[in-house]
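Below is one structure; the comments refer to it alone.
Since this is a predicted model, take the numbers as computed values, not measurements.
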Amino acid sequence: MPHPILITLLIFILFLARFAWILTHERRSLKSGFMFVLSLFSLMLFAATVLVNVADLDPHYKDWILPLFIFGFVAIALAVTVFAFTLIIMFLYDGIKIIRKEGNHWTNYLSLSMGIAIIFFLFFYPQLGKFSNNSWFTYPYAFLWLVIIYLVTIMMMYTLTAWINLINWKTPPVDYIVVLGTGLLGKQVTPLLAARITRGIEIYRKNPGSKLIMSGGQGPGEDIPEPEAMAEYAENLGISKEDIIIENKSRTTNENLRFSHNLMKPNSRFCIVTNSYHVYRALVLAKRQGLQCTGYGAKTKWYFTLNAFVREFIAYLVITKKMQMIVIGFFALMTIIAATYNL
């Protein structure tokens, strides 16, 4: 029978190899986040197996290996607790800050709502379990727990995958840099949009011969189409007008990508430039159109990023609503079966 160390080592190598394959072939899937976590946990399992076997070989090591395990578990529990409280404080603080700075629009309440929701589900929802002795409450309570655990898991994987897709190394040269629009103030480029254009110019200068595609439409309160203001801003930063292409028909990120791609020469390589919180969803939409590309994120103020990230995650759930409905439907079916047979 294979030795436990060999088994756990092989498991780690398999997960790591799969993660590496996803990174080099298609990292725009949540599989990249899942495989990263599985690789990490399999590495921890391998390390624990090695320590246990070392202790078996030499009893003298048992005196420090057990305290080491205890310290590790305590450290992990403490880290999770600190992370949870830090997350709550960040959501609440940033939620209040964005409302004060950006106005009373409903989308600005997402961060604050998320902080309140975390507090409720961590501290108050478990208290409702006291009523689970009532048969009418047991199964809906368990169903909601399954949905909560599932959504938290998906959000964690979404976050990891989004971070992974912000890291670009050894990428091939691109022919086009698509800068996504995000609204104007009359004729003026907003700081948010200026950050995207500046980031796009950085990539343009690293890819000689490339073109900038300024993509966006003309929304309410905008005196001119976004790409015209974006092009003027880029020209003021020293970019030749001949290297700027205008795409001014799009109204959504999906249209940004499709219409911009139609302006490119066949078999061209391109990348997307937007704010960091928006990169992954844009890449998912590109993937669904069958477009191969990478994404680059522009810096954004932290308080705005956190709120926008919640919005982007909700938008991702909407994009993948069929899959989410299937999973939640499965949970509902299992709950109904459990209630029917009184399991």
Do [X] and [Y] have side chains that approach each other closer than 4.5 Å (heavy atoms only, starting at C-beta)?
X	Y	value
Leu285	Leu291	no
Met214	Glu226	no
Trp169	Thr171	no
Glu232	Lys241	no
Ile99	Leu112	yes
Ile239	Ile201	yes
Val273	Val178	no
Thr159	Met156	no

Going from [atom1] on [X] to [atom2] on [Y], what distance comes out if it is rounded to the nearest 0.5 angstrom?
X	Y	atom1	atom2	result
Arg281	Thr274	CZ	OG1	9.0 Å
Thr86	Met90	OG1	CE	8.0 Å
Tyr93	Leu306	OH	CG	12.0 Å
Lys321	Ile328	NZ	CD1	13.5 Å
Thr340	Ile337	OG1	CD1	7.5 Å
Phe309	Ser276	CZ	OG	11.5 Å

- Carefully, step by step, assess Val147 and Leu151 under the rule side chain to side chain contact (heavy atoms under 4.5 Å, CB included). CA-CA 6 Å; Val147 173; Leu151 289 178; 3.9 Å; yes
- Task: Examine Tyr277 together with Phe313 and report whether their ring centres are nearer than 6.0 Å.
- Result: no
- Message: Suppose we call two aromatic rings close when their centres sit under 6.0 Å apart. Are Phe331 and Phe143 close by that rule?
- Response: no
Measure from the side-chain N and O atoms of [X] to the backbone N and O of [Y], and report whether any donor-acceptor pair falls under 3.5 Å.
X	Y	answer
Glu26	Arg28	yes
Ser210	Asn207	yes
Thr8	Ile5	yes
Glu247	Ser250	yes
Thr320	Met323	no
Gln324	Val318	no
Asp175	Arg269	yes
Arg196	Gly181	yes
Thr300	Asn275	no

- Task: Over 60° means perpendicular and under 30° means parallel, so classify the ring planes of Trp21 and His25, tilted if in between.
- Result: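 Geometry flag for Trp21 against His25: parallel rings.
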- Measure up the Tyr280 and Tyr316 rings against each other and bin them: parallel (under 30°), tilted (30 to 60°), perpendicular (over 60°).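 Aromatic pair Tyr280/Tyr316 classed tilted.
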Tell me whether [X] at atom [atom1] has more than 12 heavy atoms from other residues, nucleotides or ligands lying less than 6.0 Å away.
X	atom1	value
Phe259	CZ	yes
Glu235	CD	yes
Lys31	NZ	no

When clusters are formed by joining ILVMFWY residues with side-chain heavy atoms under 4.5 Å apart, either directly or through shared neighbours, do [X] and [Y] land in the same one?
X	Y	answer
Leu14	Val50	no
Leu87	Phe121	yes
Tyr158	Phe19	yes
Met35	Leu30	yes
Val82	Phe91	no

Heavy-atom closest contact ([X] atom, [Y] atom, distance):
X	Y	value
Ala282	Leu257	O-CD1, 3.4 Å
Asn248	Arg251	O-NH1, 4.0 Å
Ala194	Tyr233	CB-OH, 3.5 Å
Pro225	Gln218	CD-OE1, 3.4 Å
Thr161	Ser32	CG2-OG, 3.1 Å
Gln292	Phe270	O-CE2, 3.6 Å

- Quickly, which of Leu6, Leu9, Ile11, Leu10 forms a side chain to side chain contact (heavy atoms under 4.5 Å, CB included) with Phe46? Name it, please. Leu9
- Task: May I ask you to establish whether Arg27 and Trp163 are in a cation-pi arrangement, using a distance under 6.0 Å from NZ or CZ to the six-membered ring centre and at most 45° from the ring axis?
- Result: no
- Just do the side chain to side chain contact (heavy atoms under 4.5 Å, CB included) check on Ile213 and Ile177 with the steps written out, would you? CA-CA 6 Å; Ile213 298 181; Ile177 299 98; over 6 Å; no
Side-chain donor-acceptor pair under 3.5 Å between [X] and [Y], yes or no?
X	Y	result
Asn168	Thr294	no
Asn256	Ser215	yes
Thr253	His278	yes

- Message: Under a 4.0 Å threshold between the charged nitrogen and the carboxylate oxygen, would Lys211 count as salt-bridged to Asp243?
- Response: yes
- Task: Determine, stepwise, if the pair Glu202 / Arg199 fulfils side chain to side chain contact (heavy atoms under 4.5 Å, CB included).
- Result: CA-CA 5 Å; Glu202 289 177 10; Arg199 182 70 169 128; 3.1 Å; yes
- Check step by step if side chain to side chain contact (heavy atoms under 4.5 Å, CB included) holds for Met325 and Phe330. CA-CA 8 Å; Met325 290 173 65; Phe330 174 76; over 6 Å; no
